[in-house]
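What you are looking at is a predicted structure, and each value in this text was computed from that prediction instead of being measured.
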Amino acid sequence: MRHRIAVIGGGPGGLTFARVLHRHGRHVTIFERDAGPDARPPGGTLDLHKGLGQFALDRAGLLPEFRAISRPEGQAMRILDTDGTVLRDWHPADDERANPEIDRGQLRDLLLGDLDVHWGRPVTRVTPTGQGGARVHVADGSAEVFDLVVGADGAWSRTRTAVSPVAPQYTGVTNVETSLDDVDTRHPELARLIGDGSLAAYGINRGLVAQRNSGGHVKVYAHFRAPLDESPGDSEEIRSSMLALFDGWSDRLLDLLRHGGTFTHRPLYVLPVEHTWAHVPGVTLLGDAAHLMPPLGAGANLAMMDGAELAESIVGTADLDDAVRAFEERMWARAARWAGITAAGLDRLVNPDPAAAVALFDEVQPS
């Protein structure tokens with residue numbers, strides 16, 4: 001039986017789900033709030049893990065294409081003290097492919113292909129029909145019933161309320177994001193400082209990270225512990241507050257902030273480590289909608305793994321509801337493990353003792 005299936009959200013998890021089903025000849029309707037694939041900046045770079053994101057791409061039949069455009073050299077990691085002293089400088093071996101980097105925009109385009117995306121159709125809510133399906137309500141006033149609705153609509157999911165009353169909570173840590181363009185030409189000293197991959201420096205309850213993307217683009221993230229600030233000011237006010245917060249650090253590090261473009265204030269929210277829900281026929285969640293956790297390299301990987309696994313479960317069974325139930329149990333167990341790891345990681349990276357962050361790096365990637 002061919003079921004009517006919808007996915008809410010065109011991020012990595014939702015697109016992977018749709019792409020794997022598409023590979024098996026199954027149609028999926030994707031509702032996406034953005035007006036088109038280039039409606040807003042796609043975000044920074046992602047490291048896709050061999051056993052998670054890369055596995056999902058393999059199930060979608062896209063692993064060779066990924067390998068052709070990903071950046072294995074982007075796995076490099078350099079850690080500095082706040083005075084600019086290099087503490088760690090790790091470079092991947094020539095054949096290292098455990099976590100190669102890819103820009104979010106490149107990954108999106110790779111997954112999109114000819115999928116049926118309904119652009120510019122933000123979903124306001126999803127309601128179970130009580131008869132095994134669910135109704136998708138769109139902001140334009142229209143509604144449509146599907147046999148299964150998959151909420152892949154991120155941290156502030158409009159689908160989540162159909163299965164769970166839980167809302168994300170502030171972690172006590174805020175990220176401020178900025179970026180540098182054409183870094184090799186315009187800021188060659190910073191380009192050399194960052195290298196081929198990422199650069200990080202850690203102070204007391206704060207840190208500064210720079211990640212190289214393709215095309216000479218660099219994303220810079222300042223993270224720090226602070227009460228939730230819902231009125232951080234405009235971009236230049238945020239820049240000034242960041243320069244004050246990191247006052248006394250090496251000028252080379254402060255130049256990452258001085259030369260940054262627009263500044264964006266992003267408080268970090270999470271769902272409970274063991275977030276689950278009573279199964280609701282016709283609706284499920286994946287990715288951040290199901291298990292929002294600190295952004296430490298796991299989120300997109302888990303979302304893609306969720307999408308691939310759910311899709312193959314649906315293809316491999318005649319009972320749609322049983323497949324979804326079994327998927328949820330597996331997803332919850334996997335997500336709880338990673339949510340615990342990333343929560344502990346955030347505590348160590350944004351810590352009163354900066355040595356805790358360096359020790360965490362040594363555990364993950366010995367120097």
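In terms of modelled atom types and a separation under 3.5 Å, the side chain of Thr317 and the main chain of Ile314 share no donor-acceptor contact. The closest donor-acceptor contact from the side chain of Ser157 to the backbone of Asp153 lies at 3.5 Å or more, if one exists at all. Using a distance-only test at 3.5 Å, with no hydrogens or angles considered, a donor-acceptor pair links the side chain of Gln75 to the main chain of Glu96. Asp229 places a side-chain N or O within 3.5 Å of a backbone atom of Ser231 that can act as its donor or acceptor partner. Side chain of Thr16 to backbone of Pro12: a donor-acceptor contact under 3.5 angstrom is found. Between the side chain of Asn351 and the main chain of Asp347, a donor-acceptor pair closer than 3.5 Å is present. A distance-only check finds a donor-acceptor pair linking the side chain of Asn301 to the backbone of Asp47 [under 3.5 Å].
Arg325 has no carboxylate O lying under 4.0 Å from a charged side-chain N of Asp319, or vice versa, which leaves the two without a salt bridge. A salt bridge links Arg258 and Asp255; the closest N-O separation between the charged side-chain nitrogens and carboxylate oxygens is under 4.0 Å. With salt bridges taken as basic N to acidic carboxylate O contacts below 4.0 Å, none links Asp147 and Arg4. Arg108 has a carboxylate O that lies under 4.0 Å from a charged side-chain N of Asp38, or vice versa, which qualifies the two as a salt bridge. Classification of Arg160 and Asp288 as a salt-bridged pair fails, no side-chain N sitting under 4.0 Å from a carboxylate O. For the pair Asp196 and Arg71, the salt-bridge criterion is not met [side-chain N within less than 4.0 Å of a carboxylate O]. A salt bridge links Arg121 to Asp140: one of the charged nitrogens lies within less than 4.0 Å of a carboxylate oxygen.
Pro354 approaches Ile204 most closely through the heavy-atom pair CG-N, 3.9 Å. Counting all heavy atoms, side chain and backbone alike, Pro352 lies closest to Asn205 at N-OD1, 3.2 Å. For the residue pair Pro232 and Glu237, the shortest heavy atom distance occurs at O-CB, 4.4 Å. The two residues Pro168 and Ala155 make their nearest non-hydrogen contact at CG-O, 3.4 Å.
We find the CG-CD distance between Leu285 and Glu328 to be 7.5 Å, quoted to the nearest 0.5 Å. Summarising the geometry, atom OG1 belonging to Thr29 is positioned 4.5 Å from atom CZ belonging to Phe146; distances are rounded to the nearest 0.5 Å. Distance check: Leu302 CG to Met331 CE gives 10.5 Å after rounding to the nearest 0.5 Å. Rounding to the nearest 0.5 angstrom, the gap separating the NE2 atom in His22 from the CG atom in Leu111 is 12.0 Å.
Hydrophobic cluster membership is shared by Ile5 and Val7, with clusters built from Ile, Leu, Val, Met, Phe, Trp and Tyr side chains linked at under 4.5 angstrom. Both Trp277 and Val150 sit in one connected hydrophobic cluster of ILVMFWY residues. Membership requires side-chain heavy atoms under 4.5 Å apart, directly or through other members. Put simply, Leu360 and Met293 are part of two different groups of oily side chains (I, L, V, M, F, W, Y) that touch within less than 4.5 Å, one to the next. Note: the hydrophobic cluster containing Val350 does not contain Leu292 (ILVMFWY, side chain heavy atoms under 4.5 Å, direct or indirect links). A single hydrophobic cluster is not seen to contain both Leu296 and Leu46; linkage of ILVMFWY side chains at heavy-atom distances under 4.5 Å, directly or through other members, places them apart.
More than 12 heavy atoms of other residues, nucleotides or ligands lie within 6.0 Å of CZ in Arg348, so this atom counts as buried by the packing criterion. For Ile69, the CD1 atom counts as densely surrounded, since its 6.0 Å shell holds more than 12 non-hydrogen atoms of other residues, nucleotides or ligands. Enclosure of atom CD in Glu274 is not indicated, since only 12 or fewer non-hydrogen atoms of other residues, nucleotides or ligands lie within 6.0 angstrom.
Residues satisfying the side-chain hydrogen bond (donor to acceptor under 3.5 Å, both in side chains) criterion with Glu236, sequence neighbours excluded, are Arg239.
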Is there a salt bridge (charged side-chain N to carboxylate O under 4.0 Å, His left out) between Lys219 and Asp103? Walk through the geometry before answering. CA-CA 11 Å; Lys219 287 287 187 182; Asp103 290 5; over 6 Å; no
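Judged purely by distance below 3.5 Å, without hydrogens or angles, the side chains of Thr174 and His265 never pair a donor atom with an acceptor atom. Using modelled atom types and a 3.5 Å distance limit, the side chains of Glu101 and Thr45 yield a donor-acceptor pair. Checking His291 against Asp306 by side-chain atom types alone, a donor-acceptor pair falls below 3.5 Å.
The aromatic rings of Trp338 and His49 sit tilted relative to each other, their planes meeting at an angle between 30° and 60°.
Of the candidates Asp81, Leu349, Leu80, Tyr202 forms a side chain to side chain contact (heavy atoms under 4.5 Å, CB included) with just one, namely Leu349.
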